[in-house]
Visitor: 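Next up is a structure, given as structure tokens.
Below, all heavy atoms of this structure are taken into account, side chains as well, without hydrogens, waters or symmetry copies. Bear in mind that the values here come from a model prediction, so they are computed numbers and not experimental data. Naming: A, B, ... by sequence-line order, numbering from 1 per chain.
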Amino acid sequence: MLPNRSGLPSHEHGHAHAPDGDPQQPDWSENELAAGQVLELDDRPIRGHSYWSLAIRRLFRKKLAVICLSLILFMYVGALLSPLITPYDFRAIDLQNTRQGPTWAHPFGTDRQGRDMLTRVIFGLRTTVIITITSLLGGTLVLGVVLGLMSGYMGRWVDSVIMRTGEVTSSFPEILLLLIFVAAFRPRLLVVVQQFEDATGIDWLIRLGVLDFTLISVGLAIFGWFGMARLVRGQVLQARESQYTEAALVMGASTAHILRVHMLRNILSPLIVSISAGLAGVAGAELVLSWIGVGVFPPVPSLGRMLFENGSPQVLMNHPHLILFPIGTVTLLFFCFNILGDAVNDAFNPRTR
Amino acid sequence: MGVYVVKRLLWLPFLLIIVSLVTFALLRFGPGDPVQIWLGQHQNDQVRERIRAKLGLDDPFVVQYVRYMEGVITRLDFGESFQFRGKSVREVIGTRILVSMQLNLAAVIITLGIGIPVGLLAALRQGTGWDNLIVAIALAFQSLPVFITAPVLLLVFALHLDVLPTSGWGGFFSPKIIMPAVVMGVPGIAIVVRLVRASVLDVVGQDYVRTARAKGLPETTVRYRHILRNALIPVTTSFGFILAGLAGGTFIVEIYFGIPGVGRLSLEALNARDYPVLMAFAIISTTLFVIANLIVDLMYPYLDPRIRLGAGHVA
């Protein structure tokens, strides 16, 4: 990705030349690097150790992080494939077998209406996963990166407009506004979508929760893009002053080229750090919204809703499986997010090393 | 410095106008008629129309907005609550905010009181088993959602051991505050621990720490005056947001423990379409957010004399 050109006086490149555990350079301890020393680089080309391969190697050296990454991937893939892998229909009611503890037929037991908990947990996870992906990757990332790049690189009034707008969106009381936002738009959109469904014969938009997913993702993105944009802007401001950008400008590179090659690549690693840290936040927001009752509406299963219905000490005492399995899933997911976020930060953030 | 503060404060009214306008528009745009909810089943169209007219709900949007904001700006009057008839919003919110603030303060004391020393300890034992253990435990606690800590604590301490009251509110010094404060405070500990740890590790490698040690200062002086003070700068940033959050409610904890705070009130207000209360919330939380940010910015130069406000561009 980033080519290794020796002799550039930038810190990041300096780090790129310090492969961990390279026996030929024994004295560059990590603490000295952290102190911000400019390394004396010789002109020996170092092959096969780009900044990225080093960062990824550092990440994969942490066993716990790798385990967590695999668990997250496992849960994400399982959740997205939920209709294919779940043993039951998430709406199938079986009033003969309500609130059963775990059995071979129902590994996570059954809920109040005899629905299979394993199926519902997987579908609930799917809700969380879909909203995380659409809101974080679709909304926050695209909005944040594009607006941040524009703000940082173009400056002047573009910068002012974007930054002030961002300050406004971030000073809203987030959850309250999301509540009002959903309460205001959902009923109206519901009518529109119902008419659309009647007119076209498509019948899965509401049933499968497409409407809810879209609404929450849009809401979360509106209030969430600014952090990302500010981060990107800060990085761009730094990169803009650098000599390689100046060199590119002098050589007549276009704005688009500079943004893509010189800016975007430089902000990639803080971006990765910020995304991996933001995953848990978005997932948590979805849980809270559904718990309060404005997130995803029944019949679409959601973990937040399950936790709300079963979150009393009485349930915990009498039918613990009703809450322990959903909460176990949530806790495992969040633990993995946190561990991964830390590890990614250690591996990709030059300042923490 | 003075100019900087004034500039920042001048920005506040614009923010407030936009925030209140958007909130107001969303509320009016959304369905639901507060008067209808309030009258319940005893519907009488005539009565309903009369009340709507009296509250001015049939006036054009702009007229309603200007009338409301005029009261807020000139008299700090947020109107009369729709759901608690005859009570002013100030009255309704005032008591609730005090409750939420005390609860949040208790939670913050737990978070910082445990987080800062533990983070420092982890950093000073960097690379040893202690360090890993502390960080792992903190992470595990951070990953435990309120949804499980609240019922488990209730089950253990209230139902089984019967040592703590289950729910309700009795003021800052009542034992009723313990469980909700712990539930709210514990997840944040991990954040503070990691922040303090990372920041201490960053500072430990600085030249001035080496200089301080080299000139023979006692280790405690180096630790507290040179390391801790500088390491706390990033922590103050999050402290500002903690301040802003002080008046904000936490929906989940307040509902679980039956605490009459802001979070519960705003949910009730939303269900009753109590527009004046919701507007007041939006305005108050925005103001607090801006002021808290300002306080954080003002605290930086005190903690780190290298930072000068207002010089150059302010990012």
Visitor: Checking B/Arg194 now: which residues fulfil salt bridge (Lys or Arg N to Asp or Glu O under 4.0 Å) with it, not counting sequence neighbours?
Guide: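 Only A/Asp342 meet the salt bridge (Lys or Arg N to Asp or Glu O under 4.0 Å) criterion with B/Arg194.
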
Visitor: What residue in B/Leu15, B/Thr287, B/Thr23 has the most heavy-atom pairs under 4.5 Å with chain A?
Guide: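 Ranked by contacts with chain A, first place is B/Leu15.
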
Visitor: Starting at CG of A/Leu332, measure out to OG of B/Ser143 and round the result to the nearest 0.5 Å.
Guide: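 Nearest 0.5 Å value for the CG-OG distance: 9.0 Å.
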
Visitor: Go through the atoms of B/Leu153 and report whether side chain, backbone, both or neither lie under 4.5 Å from a heavy atom of chain A.
Guide: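 Neither; nothing under 4.5 Å.
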
Visitor: What's the shortest heavy-atom distance between B/Ala282 and A/Leu176, and which atoms?
Guide: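 Answer, listing the atom of B/Ala282 first, then A/Leu176: N-CD2, 4.3 Å.
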
Visitor: Side chain, backbone, both or neither: which part of B/Leu267 has an atom under 4.5 Å from a heavy atom of chain A?
Guide: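 The answer is the side chain of B/Leu267.
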
Visitor: Check the surroundings of atom OH in B/Tyr65: do more than 12 heavy atoms from other residues, nucleotides or ligands lie under 6.0 Å from it?
Guide: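 It does: B/Tyr65 OH has more than 12 such atoms within range.
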
Visitor: Inspect the surroundings of CZ in B/Phe14 and state if more than 12 heavy atoms from other residues, nucleotides or ligands are less than 6.0 Å away.
Guide: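 12 or below, so no.
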
Visitor: Of all heavy-atom pairs between B/Phe147 and A/Ile323, which one has the smallest distance, and what is that distance?
Guide: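 The pair with the smallest heavy-atom distance is O-CD1, 4.1 Å.
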
Visitor: To the nearest 0.5 Å, how far apart are CZ in A/Arg164 and CD1 in B/Ile18?
Guide: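 Those atoms lie 11.0 Å apart.
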
Visitor: Supply the atom-to-atom distance A/Ile327 CD1 to B/Leu144 CG, rounded to the nearest 0.5 angstrom.
Guide: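 So the CD1 of A/Ile327 and the CG of B/Leu144 are separated by 8.5 Å.
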
Visitor: Answer with side chain, backbone, both or neither: which region of B/Leu26 has an atom nearer than 4.5 Å to a non-hydrogen atom of chain A?
Guide: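 Both parts, heavy atoms under 4.5 Å.
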
Visitor: Where on A/Leu179 is there a heavy atom nearer than 4.5 Å to chain B: the side chain, the backbone, both, or neither?
Guide: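 Both parts, backbone and side chain.
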
Visitor: Measuring from B/Leu27:CG to A/Phe181:CZ, what's the distance to the nearest 0.5 Å?
Guide: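 That separation rounds to 13.5 Å.
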
Visitor: With rounding to the nearest 0.5 angstrom, report the CG to OG distance, A/Leu177 to B/Ser285.
Guide: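 Nearest 0.5 Å value for the CG-OG distance: 8.5 Å.
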
Visitor: At a 4.5 Å cut-off on heavy atoms, which part of B/Val204 comes close to chain A: side chain, backbone, both, or neither?
Guide: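 It is neither, since no heavy atom gets under 4.5 Å.
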
Visitor: Can you name the residues that form a ring-ring contact (aromatic ring centres under 6.0 Å, His included) with A/Phe226, not counting sequence neighbours?
Guide: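 For A/Phe226 there are no ring-ring contact (aromatic ring centres under 6.0 Å, His included) partners, ignoring immediate neighbours.
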
Visitor: Return the CZ to CZ distance between A/Phe335 and B/Phe141, rounded to the nearest 0.5 Å.
Guide: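 It comes to 12.0 Å.
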
Visitor: Quick one: of B/Ile255, B/Val152, B/Leu278, B/Ile252, who has the most non-hydrogen atom pairs under 4.5 Å with chain A?
Guide: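 Ranked by heavy-atom pairs under 4.5 Å with chain A, first place is B/Ile252.
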
Visitor: Please state whether the side chain, the backbone, both or neither of A/Leu64 comes within less than 4.5 Å of a heavy atom of chain B.
Guide: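 Looking at A/Leu64, nothing touches chain B.
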
Visitor: Within a strict 4.5 Å, meaning less than it, do heavy atoms of the B/Leu139 and A/Phe334 side chains meet?
Guide: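 No, every pair of side-chain atoms sits at 4.5 Å or beyond.
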
Visitor: Side chain, backbone, both or neither: which part of A/Ile180 has a non-hydrogen atom closer than 4.5 Å to chain B?
Guide: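 It is both, since atoms from each part get that close.
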
